[in-house]
Amino acid sequence: MLVHKRALPKKLPDQTHNTTRLVEYIKNIDKMFANPSSCFGMDQKVQYHLEVEKKLPPNRKVFNRRIQEPVLSGYWNSLKKFDFTPESSAFFVSLLCGKEVSLRTQGMRAFDDKNNKTIFEDYDPSQSWMNKIIDIRLKGYDPVTEGIICYTIVIFAHPFLDGNGRFARSVFYGALARHGILRSPCLGMGAGFTLHIARIAKAATQLSQSGDWVPYLRELTSIIEDCCSYAFFIRCAELRP
């Protein structure tokens, strides 16, 4: 898998027909969390649901992470506006990770379980990924498409030494919040994305090779639908008399 300066779409076909139902689904889930603090620990709740109800193998990674939702709630307005500098984004990621995290200053690569090398974008002192997110927010995409593209910008740039996935999902939440779709980080996306990491990696690889965003957006939309179904099931169980 090679990820290296994948061009952003200059103009995409309207994806609204693929995301309208999902947007309504997210709005309905949001209504189930009248008090934002009731979503705290959703990542861990989703992981527990996947292991107990879906009989999936245990994954300690999600349980060992710091709970994300209180930090996300505290930064909700900043995520809505994407009100970050490189320094403040690193501080925010440090809070998400529960340790000091720095912006990277050199090349970064990783290996998956099949020893395939991933090379992220070159180190960019100007942190141009931030401007790319601001530009995408001005394109007039539907909330889900905007959020997925912004998520992907962060993943491909990999600007931090740790917590890139957590920050990328936070940016996705911010896109939904900006459009008034979501009032709290209630979708438990950390556990859902961890479950589907192989699908995400495959879709990102194909995007990097073809430059075609449409199938990538379709696959990520499907994964987000799965995340929503887990959150919906859990919240229904919590609200049941």
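The structure displayed is predicted, hence computed values, not measured ones.
- To the nearest 0.5 Å, the span separating OH on Y75 from OG on S88 amounts to 7.5 Å.
- Y25 OH: more than 12 foreign heavy atoms inside a 6.0 Å radius.
- L195 is not listed as a side-chain neighbour of K54, based on a closest heavy-atom distance of 4.5 Å or more.
- Here R169 pairs with nothing under the salt bridge (Lys or Arg N to Asp or Glu O under 4.0 Å) rule; sequence neighbours left out.
- Note that CG of N18 and CD of Q15 are 5.5 Å apart. Values are rounded to the nearest 0.5 Å.
- The two residues M32 and C236 have their closest heavy-atom pair at CE-SG, 3.5 Å.
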### Query
Can you list the steps and then say if W129 with F167 is a ring-ring contact (aromatic ring centres under 6.0 Å, His included)?
CA-CA 13 Å; W129 61 273; F167 186 79; 5.7 Å; yes
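- At a threshold of 4.5 Å between side-chain heavy atoms, the hydrophobic network of Ile, Leu, Val, Met, Phe, Trp and Tyr places I197 and V62 in two separate groups.
- Atom CE of M189 and atom CG of L72 lie 10.5 Å apart (nearest 0.5 Å).
- Using a 4.5 Å cut-off on side-chain heavy atoms (C-beta onward), F156 and L207 make contact.
- Listed for the D83 side chain is no donor-acceptor partner under 3.5 Å among the backbone atoms of L79.
- Side chain of R104 to backbone of H158: a donor-acceptor contact under 3.5 angstrom is found.
- Side-chain atoms of C227 and E225, non-hydrogen and from C-beta on, never get closer than 4.5 Å to each other.
- A donor-acceptor pair under 3.5 Å is absent between the side-chain atoms of T19 and the main chain of L22, judged by distance alone.
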### Query
Can you list the steps and then say if V93 with R166 is a side chain to side chain contact (heavy atoms under 4.5 Å, CB included)?
CA-CA 8 Å; V93 173; R166 278 167 270 196; over 6 Å; no
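- The closest side-chain heavy-atom distance from K27 to L182 is not below 4.5 Å.
- Listed for the R178 side chain is a donor-acceptor partner under 3.5 Å among the backbone atoms of R137.
- Counting heavy atoms from C-beta on, the side chains of V101 and F91 never come closer than 4.5 Å.
- Side-chain atoms of T145 do not come within 3.5 Å of backbone N or O of D142 as any donor-acceptor pair.
- In this structure, F82 places its CZ atom where more than 12 heavy-atom neighbours from other residues, nucleotides or ligands lie under 6.0 Å away.
- For F63, the CZ atom is densely surrounded, since the number of other residues' heavy atoms within 6.0 Å is greater than 12.
- For F84 against S78, the heavy-atom pair with the smallest separation is CE1-O, 3.8 Å.
- Between the side chain of Y173 and the main chain of K80, no donor-acceptor pair closer than 3.5 Å is present.
- Aromatic ring centres of F193 and Y151 lie closer together than 6.0 Å.
- Within the 4.5 Å cutoff, no side-chain heavy atoms of L187 are placed close to those of M42.
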### Message
I'd like to know whether I224 forms a side chain to side chain contact (heavy atoms under 4.5 Å, CB included) with F172, so could you lay out the CA-CA distance, the side-chain angles of the two residues, the decisive distance to 0.1 Å, and finally the verdict.
### Response
CA-CA 11 Å; I224 293 163; F172 176 83; 3.5 Å; yes
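- Atom CD of E53 has more than 12 heavy atoms from other residues, nucleotides or ligands within 6.0 Å.
- Side chain to side chain, S229 and D226 fail the donor-acceptor criterion of an N or O pair below 3.5 Å.
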### Query
Passes salt bridge (Lys or Arg N to Asp or Glu O under 4.0 Å), R199 versus E219? Steps please.
CA-CA 8 Å; R199 289 174 63 189; E219 180 70 347; 2.9 Å; yes
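- Side-chain atoms of T152 come within 3.5 Å of backbone atoms of I148 as a donor-acceptor pair (strictly under, hydrogens ignored).
- Listed for the D30 side chain is a donor-acceptor partner under 3.5 Å among the backbone atoms of R183.
- Shown here for P86 and Q127, the closest heavy-atom pair between the two residues is CG-CG, 3.8 Å.
- Nearest heavy atoms, C186 versus I29: SG-CG2, 4.1 Å.
- Considering all non-hydrogen atoms of both residues, A175 and H179 come closest at O-CD2, 3.1 Å.
- The closest donor-acceptor contact from the side chain of E69 to the backbone of D43 lies under 3.5 Å.
- Looking at heavy atoms from C-beta onward, T194 lies in side-chain contact with R65 at the 4.5 angstrom threshold.
- Nearest heavy-atom pair across Q68 and L96 is NE2-O, 2.9 Å.
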### Message
With side chain to side chain contact (heavy atoms under 4.5 Å, CB included) as the criterion, how do C97 and F160 come out once you've worked through the C-alpha distance, each side chain's angles and the decisive distance to 0.1 Å?
### Response
CA-CA 11 Å; C97 294; F160 310 104; over 6 Å; no
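- Between R218 and P215, some side-chain heavy-atom pair lies under the 4.5 Å cut-off.
- A cation-pi arrangement is present between R235 and F33 under the rule of less than 6.0 angstrom and at most 45 degrees off the ring axis.
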### Residue pair V154, I133: steps toward the side chain to side chain contact (heavy atoms under 4.5 Å, CB included) verdict
CA-CA 9 Å; V154 177; I133 289 175; 3.8 Å; yes
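- For K45, the salt bridge (Lys or Arg N to Asp or Glu O under 4.0 Å) partners at least two apart in sequence or on another chain are E238.
- Under a hydrophobic-cluster definition in which Ile, Leu, Val, Met, Phe, Trp and Tyr are linked whenever side-chain heavy atoms come within less than 4.5 Å, directly or via other members, I67 and L95 are assigned to different clusters.
- Partner of I149 under the side chain to side chain contact (heavy atoms under 4.5 Å, CB included) criterion, chosen from V144, I136, V171: I136.
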